[in-house]
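Presented below is the structure to which this report refers.
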2 protein chains.
Amino acid sequence: MIDKQSPIPIYHQLEEYIKQLIESGILKPDEAIPSEREYSEQYQISRMTVRQALNNLVNDGYLYRQKGRGTFVNKQKVEQKLQGLTSFTEDMKERGLVPSSRLISFEIIPAEPQLARKLDIKENTPVYEIKRVRMADNLPMALETTCLPANLVKGLTEEIINKSLYQHIEEKLSLTISEATQQIEASIAKETEVNHLQVESGSPVLLIVRTSFLEDGTPFELVKSAYRADRYKFVHTMQRATK
Amino acid sequence: MIDKQSPIPIYHQLEEYIKQLIESGILKPDEAIPSEREYSEQYQISRMTVRQALNNLVNDGYLYRQKGRGTFVNKQKVEQKLQGLTSFTEDMKERGLVPSSRLISFEIIPAEPQLARKLDIKENTPVYEIKRVRMADNLPMALETTCLPANLVKGLTEEIINKSLYQHIEEKLSLTISEATQQIEASIAKETEVNHLQVESGSPVLLIVRTSFLEDGTPFELVKSAYRADRYKFVHTMQRATK
DNA sequence: TCTTTCAACTGGTATAGACATCTAAATCCA
DNA sequence: TGGATTTAGATGTCTATACCAGTTGAAAGA
């Protein structure tokens, strides 16, 4: 279990070991794990080394401590992933649905003033505009419009879009999206949305507008989505700033 | 600077001291701070104690380390606020609006099965239920229902609610909310919402259901809000998981 | 039977020292 | 001059030990 000769630090080995027990469900939420002194004696390692492992797991949210009582397993954070940036595809997979898309239009257009401002480019700079109906288990889920500055992602084709736009961006262009802002509001489906989403007129939709940024802060894309309110719920976890 | 006789842990004193230097701008981003051994000798404390202080500051994002080179000051985080948990009051203030409330009802009720499950308590356990119309600049903004297990916040009064529920929770009861999950969806205003929010029937509303948790993972409150879609937009910043 | 006391746990704080590994500057040598 | 080597100093890992402070349950006492 613990190999003192390994070049991998002992605390890290213990960390991975405990993490595995939690993720596999052998250690259940609110269950106490062995005390620091027990680990120390069992593996013949210093208590401080055990503490280093446990501290990391506490910081990562796997465990919590109670002075005088012990160290306990935290409830699994399902949302850990959701905290990150999720594409429609990843989002649907996580919900256990099969994602698919139908391309509606794909063209290069000059950026309108509002779009130009949000992408921090000059007016009329060419941008790719991709309109798609996003589906889950073959049912329309959202109408999505993606806008990307053409100079950042040259040579985009329908084929690439249909395969995986994000994979292409990350692997082929080696660009990394590090941050995003989302604005979420409720509305009533407009006519195009009624048509493409196959809802009755007057139906509520959840509008999500996402602006993504690269590591250096350059705006990279603007994605506007209108989700069918009867099928989609946006879930989101926040952690308080530790002040 | 460092008082060894103080009941406040030494590592915590050092932590606050360095944090202050960073926040006041005396230590600038990417600047190296004194080495661990320097702190150790200067204040006659163990290097491990210094490391505990620095580790905490690294975890909180104030510092970063480079093996063999030193420890450096991180860039200030802008998004800290949005990432944190915001009450309606804080939210509105940040938007430059004046928040107020009108209490609709305040009672102790037995928890229904669904509520009990979400708050992880037994059915029919007494909970406080607070219904309020939340207003911004004296215009109805949202209809909000807050449910709290009565055993966690004994002796709640109308007066406390009208003053500041969160302040009471943090300062008087010394409970800390460390995490929250939110579910956001779009809907059409129901009758009570139409009445209290003064919207036309058929108007869209943004529904936000928030569950807050204490540091040990205990569910603490469930807040259901229906926002007027024409007045409210939910904004939210995400950072990609650093893997 | 009920209450109090206390011992045996728990994690929290702190020390002093050892060796490893990495970095960058100084030094040496061809 | 230019490249290799040494070296000083930085963080990283780990040990062994000590005492503090909160929790709990069993033993002792009323």
Side-chain angles (χ1 to χ4, degrees), chain A residues 1-18 22 27 30-74 242, chain B residues 1-19 27 30-74 174-176 178 214-218:
Chain A
M1 213 77 72
I2 300 291
D3 178 7
K4 289 205 188 191
Q5 308 317 318
S6 163
I8 298 166
I10 296 174
Y11 74 89
H12 194 260
Q13 294 181 42
L14 181 58
E15 215 179 305
E16 290 301 318
Y17 170 61
I18 296 174
I22 294 173
L27 287 174
D30 296 323
E31 193 177 323
I33 66 168
S35 76
E36 298 173 354
R37 287 175 176 85
E38 276 181 66
Y39 276 122
S40 171
E41 280 170 30
Q42 179 172 358
Y43 299 113
Q44 288 296 302
I45 54 181
S46 161
R47 188 181 149 216
M48 289 305 281
T49 304
V50 176
R51 277 184 70 79
Q52 188 168 358
L54 299 192
N55 275 333
N56 289 342
L57 291 171
V58 168
N59 277 323
D60 287 351
Y62 285 93
L63 302 174
Y64 63 91
R65 297 192 206 262
Q66 281 185 19
K67 197 197 236 182
R69 301 221 318 128
T71 305
F72 306 84
V73 177
N74 232 329
T242 23
Chain B
M1 215 77 72
I2 301 291
D3 176 8
K4 289 207 184 188
Q5 308 319 318
S6 163
I8 299 166
I10 296 175
Y11 75 89
H12 195 260
Q13 293 181 44
L14 182 57
E15 216 178 305
E16 291 302 317
Y17 170 61
I18 297 174
K19 202 186 285 185
L27 287 173
D30 295 324
E31 191 178 324
I33 66 168
S35 77
E36 296 173 356
R37 286 185 172 82
E38 277 181 66
Y39 277 122
S40 170
E41 282 170 28
Q42 179 173 356
Y43 299 112
Q44 287 298 301
I45 53 180
S46 160
R47 191 182 145 218
M48 289 305 279
T49 304
V50 176
R51 277 184 71 78
Q52 189 168 358
L54 299 192
N55 276 334
N56 288 343
L57 290 172
V58 167
N59 276 324
D60 287 351
Y62 285 92
L63 301 174
Y64 63 91
R65 311 176 101 119
Q66 281 186 20
K67 196 182 191 175
R69 301 222 314 129
T71 306
F72 306 86
V73 177
N74 231 329
S174 66
L175 295 172
T176 305
S178 69
L214 300 180
E215 288 171 296
D216 63 357
T218 313

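Note on naming: letters A, B, ... go to the chains in the order of the sequence lines (proteins, then strands), and numbering restarts at 1 for each one.
- Phosphate contact (OP1/OP2 of C:dT15, side-chain N/O of B:R47, threshold under 4.0 Å): absent.
- Here the side chains of A:H12 and A:N56 are not in contact, with every heavy-atom distance at 4.5 Å or above.
- Nucleic acid contact for B:Q13: none, since no nucleic acid atom lies under 4.0 Å from a heavy atom of the residue.
- In this structure, the side chain of A:Q44 engages the main chain of A:E41 through a donor-acceptor pair within 3.5 Å.
- At D:dG9, none of the side-chain N or O atoms of B:S35 fall inside 4.0 Å of OP1 or OP2 (strictly under the cut-off).
- Put simply, NZ on B:K4 is 10 Å from P on C:dA14, counting in whole angstrom units.
- Spacing between atom CG of B:L54 and atom C1' of D:dA10 amounts to 12 Å, rounded to whole angstrom units.
- Side-chain proximity of B:R69 to C:dT10, C:dT23, C:dA14: nearest is C:dT23.
- Counting heavy atoms from C-beta on, the side chains of B:Y64 and B:D30 come closer than 4.5 Å.
- With contacts defined as side-chain heavy-atom distances shorter than 4.5 Å, the pair A:Y62/A:N74 does not qualify.
- Of the candidates D:dT11, D:dT13, D:dA16, D:dT13 carries the atom nearest the A:P9 side chain, counting heavy atoms from C-beta on.
- Between the P atom of C:dG12 and the CD atom of B:E15 lies a distance of 14 Å, rounded to the nearest Å.
- Proximity of B:Q13 to B:S6: side-chain heavy atoms (C-beta onward) are separated by under 4.5 Å at one or more points.
- The distance from the CD1 atom of A:I45 to the CD atom of A:E36 is 11.0 Å, given to the nearest 0.5 Å.
- If you take CG on B:L54 and CZ on B:R65, they are separated by 5.0 Å, rounding to the nearest 0.5 Å.
- B:T71 has a side-chain polar atom (N or O) that falls below the 4.0 Å cut-off from OP1 or OP2 of D:dT11.
- Between the CG atom of B:N55 and the P atom of C:dA14 there is a distance of 14 Å, rounded to whole Å.
- With rounding to whole Å, A:Q44 atom CD is found 10 Å from D:dT15 atom P.
- At a cut-off of 3.5 angstrom, counting only N and O atoms as typed in the model, there is no donor on one side facing an acceptor on the other between the side-chain of B:R37 and the base of D:dG9.
- For B:Y11, no side-chain nitrogen or oxygen approaches OP1 or OP2 of C:dA14 to under 4.0 Å.
- Between the axis at the start and the axis at the end of the helix from C:dT1-D:dA30 to C:dA30-D:dT1 there is an angle of 10°, using five pairs per end and rounding to 10 degrees.
- Taking only side-chain atoms of B:E36, from C-beta outward, the nucleotide of D:dT15, D:dT11, C:dG12 with the closest atom is D:dT11.
- When the side-chain nitrogen and oxygen atoms of A:T49 are compared with OP1 and OP2 of D:dT15, one or more of them lie within a distance under 4.0 Å.
- Close to D:dG12, at under 4.0 Å from its OP1 or OP2, lies a side-chain N or O of B:R51.
- Residue A:K67 has no polar side-chain atom (N or O) positioned under 4.0 Å from OP1 or OP2 of D:dT24.
- Between B:R65 atom CZ and C:dC22 atom P the separation is 16 Å, expressed in whole Å.
- Side-chain contact between B:I10 and B:Y43: absent, with no pair of heavy atoms (C-beta onward) separated by less than 4.5 Å.
- The shortest distance between the side-chain N/O atoms of B:Q66 and the OP1/OP2 oxygens of D:dA10 is not below 4.0 Å.
- Which of D:dG12, C:dA14, C:dG12 sits closest to the side chain of B:I10 comes down to C:dA14.
- When rounded to the nearest whole Å, the span between CD1 of B:I45 and P of C:dG17 equals 15 Å.
- Between the CD atom of B:E41 and the C1' atom of C:dT15 there is a distance of 15 Å, given to the nearest Å.
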